[in-house]
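Side chains are part of it too, since the values below use all heavy atoms of this structure and drop only hydrogens, waters and symmetry mates. Both ligands and their constituent atoms are indexed starting at 1 by order of listing.
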Amino acid sequence: MKKAIVKVLVINSGSSSLKYQLFDMKTGERLAKGLVERIGCGGPKDHTEALRKVVADLGEPKDIDAIGHRVLHGAEVFKDSVKVDKAVLAKLDKLVKFGPLHMPANIGGIRACQQIFKGVPNVAVFDTAFHQTMPDCAAMYAIDPKYYKKMGIRKYGFHGTSHKFIVAEAAKFLKKPVARVNLVTCHMGNGSSLAAVKNGECVDTTMGLTPLAGLVMGTRCGDIDAAAVLAIMEAEKKTPAEMDTLLNKKSGLLALAGSSDCRDICAKAEKGDKAAELALEMLAYRTALYIGAYNTVIGGADAIVMTGGIGENSSEVRERIVARLGALGVKLDKKANKVRGQVAVISAKGSKIPVVIIPTNEELMIARDTVRVLG
Ligand code: ADP
């Protein structure tokens with residue numbers, strides 16, 4: 001008989017850090033959690049050395065049954081989580097171009113685990129996989145199709161593990177099977193994205209080829225006219241790499257109001273800072289805009305679900321978003337909206353669509369998927 005998978009290690013391997021969590025999947029309990037930093041820049045020399053540190057932190061565990069890895073990009077190759085073997089690794093190596101910063105670290109983490117946890121199965125869980133059900137009309141860009149064929153330029157979407165977790169939890173909360181639930185899921189943190197979910201499947205999402213598109217974020221601009229990008233490049237003679245940094249790391253709330261942290265912006269706005277006030281209104285406006293659009297796309301939502309650092313905690317931002325949803329018949333319960341970090345309905349009794357807060361747990365979702373794939 002096959003041994004049951006109980007202890008699952010979840011690895012989120014970044015370019016200079018490695019986060020891990022250990023779960024007991026019989027109880028769903030988290031047994032350990034940690035972070036190794038400064039990989040390749042003063043700390044451990046590479047991911048294998050970083051993982052040795054994890055093994056030491058965990059007290060030389062002998063009973064890890066499986067390892068789940070967060071992987072940024074599966075492109076169209078991986079539409080679901082997958083057990084890693086030689087062929088999968090070869091395919092992953094070919095996807096580095098879709099995430100030149102993250103993919104080598106993600107793959108490095110998998111290779112390190114193969115070395116250190118000999119014989120323990122590894123599963124790759126992709127940020128993009130949940131969005132692979134998008135129809136072409138949502139996923140394609142209106143440019144010469146040769147760029148899709150040659151380079152894979154299209155919308156992929158990210159935060160898929162979080163959206164998938166939220167869909168499963170929201171379905172439970174609404175007492176509906178996942179396959180019958182229609183939702184607008186809003187993951188709002190440093191990076192933010194919305195997903196339109198019809199019958200449990202993603203039919204559209206706000207991020208694109210990369211996580212730059214869509215909402216106003218901590219340091220990313222979200223949607224912008226591509227011609228504006230070209231105009232700045234031309235005027236300031238910027239290289240593509242410099243432009244990438246400007247749009248991904250020096251835009252969003254940071255550029256608009258001096259901090260990428262939503263708490264700072266809320267505090268400034270409260271004191272009457274006009275730039276912070278505008279930044280919050282831009283963030284709320286664009287979020288509400290997409291909620292309205294996605295409600296149309298899915299033919300009416302059973303619920304609007306909010307999660308992520310901002311979605312779970314910021315009554316201020318939630319109030320500003322919901323204030324713009326009057327046309328959908330959505331009404332806020334101001335008292336209920338004071339809640340932080342727990343499952344709660346924040347819409348008023350008469351609201352046409354309930355607004356629900358559900359804390360996300362991407363690591364637990366990765367662990368669940370690992371068990372499912374190996375099951
Ligand atoms: P990441 O996308 O890096 O995982 P998080 O999901 O943790 O980030 O979200 C971080 C964001 O959540 C920050 O902008 C932070 O200000 C915001 N946030 C966390 N707690 C609160 C709060 N109590 N009020 C407003 N914003 C909050």
Practice task
Would you mind checking if Glu201 and Lys164 are paired as a salt bridge, meaning a charged N to carboxylate O distance below 4.0 Å?
Solution key: no
Problem - NZ/NE/NH1/NH2 to OD/OE distance under 4.0 Å, Lys274 and Glu277 - result: no
Taking distance alone, no hydrogens or angles, what donor-acceptor pairs closer than 3.5 Å link side-chain atoms of residues 97-105 to residues at least two apart or in another chain?
none

Below 3.5 Å, can you tabulate the donor-acceptor pairs from side chains in residues 347-355 to any protein atom, sequence neighbours excluded?
{"from": "Ser347", "atom 1": "OG", "to": "Val355", "atom 2": "N", "distance (Å)": "2.9"}
{"from": "Ser351", "atom 1": "OG", "to": "Lys331", "atom 2": "N", "distance (Å)": "3.1"}
{"from": "Ser351", "atom 1": "OG", "to": "Ile353", "atom 2": "O", "distance (Å)": "2.7"}

Problem - Validation row, ring centre His163 to ring centre His131 under 6.0 Å - result: yes
List below, pair by pair, the N or O atoms of ligand 1 and of the protein that are less than 3.5 Å apart, including the distance to 0.1 Å; reply 'none' if no pair qualifies.
{"from": "ligand 1", "atom 1": "2 (O)", "to": "Asn190", "atom 2": "N", "distance (Å)": "3.0"}
{"from": "ligand 1", "atom 1": "3 (O)", "to": "Asn190", "atom 2": "ND2", "distance (Å)": "2.9"}
{"from": "ligand 1", "atom 1": "6 (O)", "to": "Gly309", "atom 2": "N", "distance (Å)": "2.8"}
{"from": "ligand 1", "atom 1": "8 (O)", "to": "Asn190", "atom 2": "N", "distance (Å)": "3.3"}
{"from": "ligand 1", "atom 1": "8 (O)", "to": "Asn190", "atom 2": "ND2", "distance (Å)": "3.4"}
{"from": "ligand 1", "atom 1": "12 (O)", "to": "Ile310", "atom 2": "N", "distance (Å)": "3.3"}
{"from": "ligand 1", "atom 1": "14 (O)", "to": "Cys262", "atom 2": "N", "distance (Å)": "3.0"}
{"from": "ligand 1", "atom 1": "16 (O)", "to": "Asp261", "atom 2": "OD1", "distance (Å)": "2.4"}
{"from": "ligand 1", "atom 1": "16 (O)", "to": "Cys262", "atom 2": "N", "distance (Å)": "3.0"}
{"from": "ligand 1", "atom 1": "16 (O)", "to": "Arg263", "atom 2": "N", "distance (Å)": "3.2"}
{"from": "ligand 1", "atom 1": "16 (O)", "to": "Arg263", "atom 2": "NE", "distance (Å)": "3.4"}

Would you tabulate the side-chain donor-acceptor contacts of residues 207-220 under 3.5 Å, counting partners in other chains and residues two or more places apart, or write 'none'?
{"from": "Thr210", "atom 1": "OG1", "to": "Leu212", "atom 2": "N", "distance (Å)": "3.2"}
{"from": "Thr219", "atom 1": "OG1", "to": "Asn248", "atom 2": "O", "distance (Å)": "2.8"}
{"from": "Arg220", "atom 1": "NH1", "to": "Pro211", "atom 2": "O", "distance (Å)": "3.3"}

